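This is a predicted model, so every value here is computed, not measured. Counting convention: from 1, in listed order, for ligands and their atoms alike.
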Amino acid sequence: MTPKVFPIHSAQPPAPPHDGRPLADTLGRGLRDLRISVTDRCNFRCVYCMPRETFDRDFKFLPHDEILRFEEIARLARMFAGLGVKKVRITGGEPLVRRELHRLVAMLAEIPGLDLTLTTNGSLLAKQAAALARAGLKRVTVSLDSLDDATFRAINDADYPVARVLEGVEAAAAAGMAPIKINMVVKRGVNDAHVLAMAERWRGSGHIVRFIEYMDVGSTNGWRMDDVVPSAEIVRAIGARHPLEPVDPNYAGEVAERWRYRDGAGEIGVISSVTQAFCASCNRLRLSAEGSLYTCLFAEHGHDLKWLLRRGGSDEEIVNEIAAVWRARGDRYSEIRTAETAKARKIEMSYIGG
Ligand code: SAM
């Protein structure tokens with residue numbers, strides 16, 4: 001079993017009072033996006049994310065009482081919104097394996113001014129889409145790495161068929177969550193031959209497929225630079241068949257680079273976290289299922305907020321702590337990535353939240 005990297009316990013002096021000014025980290029970056037992981041468990045065993053050899057029967061997932069309750073998450077989310085967070089993405093693990101997730105959605109949907117979304121592998125979406133939409137979820141991102149059933153089953157390593165995910169996408173659209181984003185992680189020699197089919201499946205559908213470069217998150221996936229298919233190659237391949245032109249970002253710091261079909265059949269996105277690092281505009285913070293804050297997807301440690309929450313910390317103390325964590329942030333891992341840093345002992349994506 002791979003050792004888990006535990007958060008630093010914040011049994012330290014209390015953080016200085018937050019002065020109320022907009023937060024900026026040591027590189028001048030503001031805080032805008034929050035990703036909330038609601039579980040470290042998943043019903044898939046994607047070979048590049050939760051390989052079965054590591055995440056097997058003996059793997060120790062977080063005990064239930066260590067996972068933040070919905071009320072705790074909602075309380076923190078309100079504080080984050082007060083600190084300038086505009087967008088919250090619920091993730092995991094697989095968020096839809098967390099029981100009654102729609103209850104959390106309803107709590108978060110009540111926070112004014114928050115753009116709320118969720119990332120899922122789609123396998124349980126057909127069953128839950130209507131309840132999630134009723135609870136106030138307006139948008140969803142579905143991960144789908146291939147439309148070829150054999151390839152997809154080999155990647156998720158849990159025998160889930162493509163059809164199950166497609167039903168989920170349809171149910172979400174029928175529940176009013178369109179346009180839906182479909183995320184495909186592209187790994188050389190595994191599914192790169194399926195990029196064009198994926199683009200064509202969603203071309204003209206109103207949904208947006210986004211191609212993601214395979215990253216060296218965690219320490220269990222044996223990442224090598226040779227496995228990465230640069231986004232430029234993907235844009236070239238799709239553009240050769242269906243001409244594309246660039247589109248301006250929706251907002252500063254948007255992760256996906258947008259391209260639209262010249263014939264008006266919609267748009268695609270590419271997320272080039274490896275070949276064109278976007279650390280300089282990274283405005284994301286991550287809250288793990290057990291209540292630790294991570295200032296980078298490639299972090300080696302987190303900051304324990306649950307400790308403060310559960311020993312009766314006031315909103316003011318917690319806000320001060322969050323503000324101090326953000327102000328001290330200097331991460332820019334993807335800009336300084338080398339083959340050596342890729343071997344470092346980093347937090348697994350299934351734990352920290354994708
Ligand atoms: N279970 C949900 C899902 O499948 O979307 C949410 C969590 S999952 C960790 C979030 C996203 O991270 C998925 O789209 C997954 O494909 C992506 N991901 C996982 N490991 C990755 C890696 N090494 N490089 C790029 N993306 C990765």
Would you compute the distance between atom CG of Leu83 and atom CG of Asn320 and round it to the nearest 0.5 angstrom?
9.0 Å
Within this structure, what is the NE2-CD distance for the pair His207 and Glu267, rounded to the nearest 0.5 Å?
13.5 Å
Report the part of Val185 in contact with ligand 1, treating N, CA, C, O as backbone and CB onward as side chain, heavy atoms under 4.0 Å; options are side chain, backbone, both, neither.
side chain
Using a 4.0 Å heavy-atom cut-off, which part of Val142 comes near ligand 1: side chain, backbone, both, or neither?
neither
Closest non-hydrogen contact found for Ser231 with Glu213 is N-OE2, 2.8 Å
Quick one: closest heavy-atom pair of Arg89 and Thr119, and the distance?
NH1-OG1, 2.9 Å
Per the side-chain hydrogen bond (donor to acceptor under 3.5 Å, both in side chains) rule, what does the pair list look like for residues 41-52, sequence neighbours excluded?
Asn43-Asn121, Asn43-Ser123, Asn43-Tyr160, Tyr48-Asp145, Arg52-Asp157
Close approach, Gly93 and ligand 1, non-hydrogen under 4.0 angstrom:
yes
Give a yes or no on whether Ile212 and Ile208 share a hydrophobic cluster (residues Ile, Leu, Val, Met, Phe, Trp, Tyr; joining criterion: side-chain heavy atoms under 4.5 Å apart).
no
What atoms of ligand 1 come within less than 4.0 Å of a heavy atom belonging to [X]?
{"X": "Val217", "result": "21 (C), 22 (C), 23 (N)"}
{"X": "Thr91", "result": "6 (C), 7 (C)"}
{"X": "Cys49", "result": "9 (C), 19 (C), 20 (N)"}
{"X": "Glu213", "result": "25 (C)"}
{"X": "Met215", "result": "22 (C), 23 (N), 24 (N), 25 (C), 26 (N)"}

Salt-bridge contact Arg327-Asp19 (side-chain N to carboxylate O under 4.0 Å)
yes
Look only at interatomic distance and state if Glu94 has a nitrogen or oxygen under 3.5 Å from any nitrogen or oxygen of ligand 1.
yes
What I want to know is whether Ser350 and ligand 1 share at least one N or O pair that is separated by under 3.5 angstrom.
no
Closest to atom 5 (O) of ligand 1 (judged by heavy-atom distance), picking from Gly92, Ser143, Pro95:
Ser143
So does Val195 get a backbone contact from the side chain of Asp192, meaning a donor-acceptor N/O pair under 3.5 Å?
no
